[in-house]
Structure formats: C-alpha cells, structure tokens
Chemist: 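Below: one structure in structure tokens.
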Amino acid sequence: MQNFRTIKGTHDLLPNELNLWREVENFVHTLMQQNGYGEIRTPAFENTELFVRGIGTDTDIVTKEMYSWTDQGGNTLTLKPELTAPVARAYLQHQMGNQNPIHRLYYIDALFRRERPQKGRQRQFHQFGAEAIGSSNPEQDAEIISLAYNIFKKFDIQNMSVRLNSIGNAEIRPVYLENLRSSVKKIKLKLCATCQTRIEKNALRLFDCKNTHCQELLDEHAPLIFDSISDKDQAHFEMVTRILNEIEIPYFHDKKLVRGLDYYSHTTFEVTSSVLGAQDALCGGGRYNGLIEQLGGKSTPAVGFAAGIERLILAIDKQNISENSPNIYLIHFGDETTVTASKIANDLRLNCGKTVVMETLRRSFKSQMREAGRCGAKTTIILGEKELAANKIIVKDMSTGNQNEVPISDINQFFNKTS
RNA sequence: GUGGCUGUAGCUCAGUUGGUUAGAGCGCCUGACUGUGGCUCAGGAGGUCGUGGGUUCGAAACCCAUCAGCCACCCCA
C-alpha cells in the first residue's frame, strides 16, 4: 500500500501555524482597504504565453521553473508563477482603464515555481501584493513602498532593510547593458566563474554576486545604471525619496539594486531581512510602465510589489503568538445528557457569541476535565445525570476553581451578563 | 539543474566492532481519586527503523539505487 505525502516543495498548513497566517492575512486586508485598495483574485492557471510575454523569455522563471502542460483541448497552460502579469491581464480584459484612470488592486494568493526547495523557498508558495495601475507619479511609488513597509513593521521584523534604486526607462537599458559589458570584459578574467558567464547571459545580475572580490572589481570598473538614467527619471527618484523621508521609512539607496523580471522600469525596491538566511528577500517590487502595453493594451504606468508570506512567517518572532482557546468547555456524561448538552452549546454560540467546545468522545469524567484544562478553557460547564434531573448545570471557573449552579432556563441570561 | 548533511514512535532523539523480543523523554490513553483539570505515582497503546534491492547464518547498522527533508549554489517573494 502506497504512502501518500505532499509533493516535494509543498506543505500542509496545520491549525497551529494557521493562527499566525490568519493574523497576517487579516492585517493585509485591513491595511489594503485602509489605503483604498480592492482585492482581486485571478485563476490558478493562465495561457502560458501571458507569462512568457509578461515576465520575459530569458528569465529563469520562464525558461525552467514554470509548471506548464497542454490540456485535452490543445491549450498550453501554466500554473501562475507570479501575479503581476495576471493582474495586468485582468485589467485589460475588463477594460478597467476605461472605467477609471486609476486602479488600486491587491491580492493574497498561491503561486507555483518548480525550484529546488530550501529555506524560504518552496514550489507552492504564497504572496500578498499590490498593484497601482494608472499613475506615473512618484507619490504612487511611495504609497506602494509604504504598504509593504508597514506590514513588515507591524510584525516587528528584525534586521530589516529597504533598498531602493531606479533603473530608468526601458529604452536606455540596451545602451547601458552594452556599456556595462564592454567595461566588464576588460576585467573578465579576474571575476569568478559565474560572473564570467553572467556578462553575456544576464549582465545586470553581476551586481548580485556574493563574492566580495567581484564586488570590489565592479565598484572600480563597472558603470552604475542609476548614473545612466535620464535627469527626469532621477528627479522622479528624488521625489520618491523625499516622500519616504517625510513618512519616516528608512531606506538605503543601493545603486546596484536590479530586479530579475523584465517588466520592471524606473523605481525598483526590495525589503530584506538577514534572519531569513540565503533567501533573504521579504518583498520585491517596482514600476512596470511598459507591461500593460507589452500585453496588448495602451501605454499605462503602473507600480507594485509582491511579498512572500512563508518568508514573512519565518521572519516573525514567534515568542508571543496567541493561542486561541475556547471560552467554554462543555462536559457531559450519562445516558440522557447528550441532547441537552448539544442544545446548550448551540445556544451559547448563537445567542451569547461564546466559543464553546463540547465533548463528543464520551470520555470519562476525569478525562473530560483534563481536556478542559489542557485546551485552556476559561470556564467549564458540567452537565451530569444529577444536574439534568434537577434542570441545572454547574459552571466552573477554571482559574479560581469556583463553581456555581445555574438553572438551564437561565443559561443565556447568565452568560450574557458575564460577557 | 549542481553540491553537502540527514531520514528510528505523533514530537525530540538514543541504539556499542552487524547478534535474541528496537529504547528513553515529551505527548496520548487508563487507573490510584466509585463525579472535578494542573502535581505525583503506576500501568498501557503506538514502529513495515523513509522505500526497493544486495552482502551475510543474521542488517536499524555495511553496499547500491531511489524517494523525501534540511542547508547552500543558482534564482527569487
């Protein structure tokens, strides 16, 4: 007989850990709504071509990480590996641009990439994120950055840093890359092996090399993309930083920060925390003024971010996680008590708003008492044969051990009073 | 896709140069306490030793393969 288990890189989330997940999700909903963002949910899979066009043909995601298949009708489909392209697709499909010049959208969703799992990286993972479509102005960039920042701040993430840069518009990219390649080729042989291959394959990623020797060489010889962008784009960036200063978001202008997906332009940012290990990015984002047009719409400015929920959970200090224990544990025993106990539990939940857990295993009285103590119930209700015969229950306060007798007819009134 | 480390009870882990019936702590169940939790004590349930082959009289241990987990490379959230 085969033992079934979760597929490599996927995980079950059990009730215990989901308490924290729900806390995170609830706060995301609250904060987003507070900022005027509306939730969007897109399908789990899309046409493969959407991601190829959106993310970029040469990116790792598209070339080797997508879960793609051909269905029985011959359609080439892909489980979504990121959400910016699907959101942009939805924006176009529903002609949202014609309804309103600006749309603020957010999501919480599961994504799929076939990577080798490690800390902070799994094959099915979850992100929340926001996309503001329509404004090209720097205050929109700052708003997006503040959304991400405020969520991490709320959960008191340690050793957090916000890195910020601008990579200018898409037109200057080829010019800059040419410039970069020719400068770096002069020092090619002094660089590490991976950097040497990156010169042709993905020159921007040279700046991500963890080898300090390579970084020193690059500092000396490589031109920085920020220095090659237009005055207008530099002024845009300047304005973003002015707003961040004013709203007290600490950031570091990292002139080497680049992003991996092709659709980014202008402002790019990343929030990292060293408590995460190698996969230290909590969130990444930036402008993507060219994406909507790339997908067949008219030129529309947009900016957004995406953050990994698993990574956020990893980075949260779990010291003070609140267990949710029931208000009331309802103990009953004897042949005739079950029906009445069920009725009492139902009334307390519906009429008094109590969290009530009722015994359904029919364990011994002692076991039920132990269970009531273990699950942290503040109050225990005892309904035995004697109580049933007398039409009353015993209400026991678990911290003091005090007991009261309450007539069954007065239960709702009693518990409404004690809130 | 590449490399390193690791798989024994629900959890954390012992298990001697290969040798009878594989252990402990925590957790769970029952009882001492015939209707009162936490403390204590006693008893009990729970294992195809990740899986499949091989070596051997004999494998949890040795060999091969495979799967999974962790960490790193790579990449990214």
Side-chain angles (χ1 to χ4, degrees), chain A residues 1-11 14 16 55 58-65 81-84 107-129 148 151-152 192-195 197-198 201-202 205 208-211 258-261 264 269-273 276-286 304-315 329 331-334 337 361 363-387 394-403:
Chain A
M1 178 69 164
Q2 186 184 357
N3 280 326
F4 291 109
R5 36 174 310 127
T6 50
I7 303 302
K8 185 189 187 98
T10 69
H11 296 282
L14 302 180
N16 238 342
I55 303 170
D58 297 328
T59 58
D60 277 24
I61 293 178
V62 168
T63 55
K64 47 192 183 198
E65 294 174 2
E82 63 101 50
L83 266 160
T84 302
Y107 54 78
I108 300 177
D109 212 340
L111 302 173
F112 308 87
R113 293 182 199 173
R114 196 180 184 290
E115 295 185 275
R116 185 82 174 262
Q118 73 182 78
K119 185 175 182 182
R121 188 169 79 183
Q122 37 275 126
R123 290 180 173 185
Q124 175 174 342
F125 61 105
H126 299 79
Q127 288 187 342
F128 60 85
I151 287 165
F152 301 135
C192 72
T194 41
C195 276
T197 63
R198 277 196 273 230
K201 206 186 90 187
N202 197 347
R205 296 226 75 86
D208 285 341
C209 185
K210 283 161 189 162
N211 185 324
V258 294
R259 299 223 50 80
L261 310 183
Y264 285 111
F269 71 98
E270 194 169 275
V271 181
T272 58
S273 169
L276 284 175
Q279 307 298 318
D280 65 352
L282 278 163
C283 105
F305 81 90
I309 299 180
E310 284 85 354
R311 290 185 188 180
L312 174 55
I313 300 280
L314 274 175
Y329 195 89
I331 289 176
H332 66 96
F333 52 93
T337 56
L361 281 176
R363 283 175 287 194
S364 70
F365 181 59
K366 190 183 181 69
S367 289
Q368 294 191 46
M369 214 46 223
R370 200 166 23 228
E371 178 67 23
R374 178 177 32 217
C375 73
K378 294 171 194 68
T379 305
T380 297
I381 291 177
I382 300 165
L383 177 68
E385 283 165 324
K386 279 191 285 190
E387 289 76 19
I394 295 173
V395 176
K396 174 170 178 146
D397 182 310
M398 294 300 273
S399 55
T400 64
N402 293 341
Q403 299 190 173

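Predicted model only: the values in this text are computed from it and were never measured. Each chain gets a letter, A, B and so on, in the order the sequences are listed, and its residues count up from 1.
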Chemist: Can you tell me the base-pairing partner of B:rU17? Count Watson-Crick or G-U wobble geometry only, both distances below 3.5 Å, and say none if there is no partner.
Modeler: none
Chemist: How long is the gap from CZ on A:Arg116 to CZ on A:Arg121, to the nearest 0.5 Å?
Modeler: 9.0 Å
Chemist: Given B:rC76, B:rC75, B:rC70, identify the nucleotide with an atom nearest to the side chain of A:Arg121.
Modeler: B:rC75
Chemist: Both distances below 3.5 Å, Watson-Crick or wobble geometry, any strand: find the nucleotide opposite B:rU66.
Modeler: B:rG50
Chemist: Could you give the distance separating B:rA22 and B:rA59 at their P atoms, to the nearest angstrom?
Modeler: 13 Å
Chemist: When the P atoms of B:rC11 and B:rC5 are considered, how many whole Å apart are they?
Modeler: 25 Å
Chemist: Is any side-chain heavy atom of A:Ile331 less than 4.5 Å from a side-chain heavy atom of A:Ile394?
Modeler: no
Chemist: Once each nucleotide of nucleotides 30-36 of chain B is scored for protein heavy atoms under 4.0 Å, what B/S/- sequence comes out, 5' to 3'?
Modeler: SS-B-BB
Chemist: When rounded to the nearest 0.5 angstrom, what distance separates CD in A:Glu115 from CD in A:Glu65?
Modeler: 4.0 Å
Chemist: Which whole-number value in Å describes the distance from A:Glu82 CD to B:rC75 C1'?
Modeler: 15 Å
Chemist: Give me the distance, rounded to whole Å, that separates B:rA14 from B:rG25 when you measure between the P atoms they each carry.
Modeler: 16 Å
Chemist: If the plane angle is over 60° it's perpendicular, under 30° parallel, otherwise tilted; pick one for A:Phe305 and A:Phe128.
Modeler: perpendicular
Chemist: Assign A:Gly9 to base, sugar-phosphate, or nothing according to its heavy-atom contacts below 4.0 angstrom with the strands shown.
Modeler: sugar-phosphate
Chemist: Between B:rC57 and B:rG18, how far is it from one P atom to the other, in whole Å?
Modeler: 16 Å
Chemist: What distance do A:Lys119 atom NZ and A:Asp280 atom CG have between them, rounded to the nearest 0.5 Å?
Modeler: 11.0 Å
Chemist: Please give the distance between the P atoms of B:rC64 and B:rC39 as a whole number of Å.
Modeler: 49 Å
Chemist: Could you give the CD-to-C1' distance, from A:Gln122 to B:rA77, as a whole number of Å?
Modeler: 10 Å
Chemist: Taking pairing as Watson-Crick or G-U wobble with both contacts under 3.5 Å, can you name the mate of B:rU56, or confirm there isn't one?
Modeler: none
Chemist: Does the A:Arg311 side chain pair with the main chain of A:Gly120, one donor and one acceptor, at a distance under 3.5 Å?
Modeler: yes
Chemist: Is it the case that B:rC76 (base atoms only) and A:Gln118 (side chain only) share a donor and an acceptor within less than 3.5 Å, ignoring hydrogens and angles?
Modeler: no
Chemist: Please report, rounded to the nearest Å, how far the P atom of B:rC76 is from the CD atom of A:Glu65.
Modeler: 8 Å
Chemist: Near A:Lys378 NZ, under 6.0 Å, is it more than 12 heavy atoms from other residues, nucleotides or ligands?
Modeler: yes
Chemist: With heavy atoms under 4.0 Å as the rule, sort A:Gly129 into base, sugar-phosphate or nothing.
Modeler: nothing
Chemist: Classify the side chain of A:Arg205 and the base of B:rC75 as holding, or not holding, a donor-acceptor pair under 3.5 Å.
Modeler: no
Chemist: How would you label the contact of A:Gly401 with the nucleic acid (heavy atoms, under 4.0 Å): base, sugar-phosphate, or nothing?
Modeler: base
Chemist: Summarise protein proximity over nucleotides 2-9 of chain B in one line of letters, 5' to 3': B for base, S for sugar-phosphate only, - for none, counting protein heavy atoms closer than 4.0 Å.
Modeler: BB------
Chemist: Are the side chain of A:Gln368 and the backbone of A:Phe365 linked by a donor-acceptor contact shorter than 3.5 Å?
Modeler: no
Chemist: Could you work out the separation of B:rA60 and B:rG54 based on their P atoms and round it to a whole Å?
Modeler: 15 Å
Chemist: Classify A:Ala372 by what it touches in the nucleic acid, base, sugar-phosphate, or nothing, heavy-atom distance under 4.0 Å.
Modeler: nothing
Chemist: Does any part of the side chain of A:Met398, heavy atoms only, come nearer than 4.5 Å to the side chain of A:Met369, both counted from C-beta?
Modeler: yes
Chemist: Give the rounded distance in Å between these two atoms: CG of A:Asp397 and C1' of B:rG37.
Modeler: 13 Å
Chemist: Hey, which of these two, A:Ser399 or A:Glu310, hits RNA chain B nearer its 5' end, going by closest nucleotide?
Modeler: A:Ser399
Chemist: Nearest whole Å is fine: how far is B:rC75 P from A:Asp280 CG?
Modeler: 14 Å
Chemist: Please state the P separation for the pair B:rA68 and B:rG43 - nearest whole angstrom.
Modeler: 43 Å
Chemist: Can you tell me if A:Leu361 has over 12 outside heavy atoms packed within less than 6.0 Å of its CG?
Modeler: yes
Chemist: Look through every strand shown and name the nucleotide pairing with B:rU40 as Watson-Crick or G-U wobble, where both distances are under 3.5 Å.
Modeler: B:rA32
Chemist: Does any part of the side chain of A:Glu82, heavy atoms only, come nearer than 4.5 Å to the side chain of A:Ile55, both counted from C-beta?
Modeler: yes
Chemist: Under 3.5 Å for both donor-acceptor distances, Watson-Crick or wobble: does B:rC73 have a partner, and if so which one?
Modeler: B:rG1
Chemist: If pairing requires Watson-Crick or G-U wobble contacts with both distances under 3.5 Å, which nucleotide is the partner of B:rG27?
Modeler: none
Chemist: Please report the distance, rounded to the nearest Å, between CZ in A:Arg114 and C1' in B:rC76.
Modeler: 17 Å
Chemist: Using atom CZ of A:Arg123 as one end and atom C1' of B:rC76 as the other, report the distance to the nearest whole Å.
Modeler: 15 Å
Chemist: A:Lys8 side chain: which of B:rC71, B:rG69, B:rA77 is closest?
Modeler: B:rG69
Chemist: Could you tell me how far B:rG58 sits from B:rG1 if I compare only their C1' atoms? Round to whole Å.
Modeler: 42 Å
Chemist: Provide, to the nearest angstrom, the distance between the NZ atom belonging to A:Lys378 and the C1' atom belonging to B:rG38.
Modeler: 17 Å
Chemist: I'd like to check A:Cys283 versus A:Phe269 (side-chain heavy atoms, cut-off strictly below 4.5 Å). Are they in contact?
Modeler: yes
Chemist: Is there, by distance only and without an angle test, a donor paired with an acceptor across the side chain of A:Arg5 and the base of B:rC67 below 3.5 Å?
Modeler: no
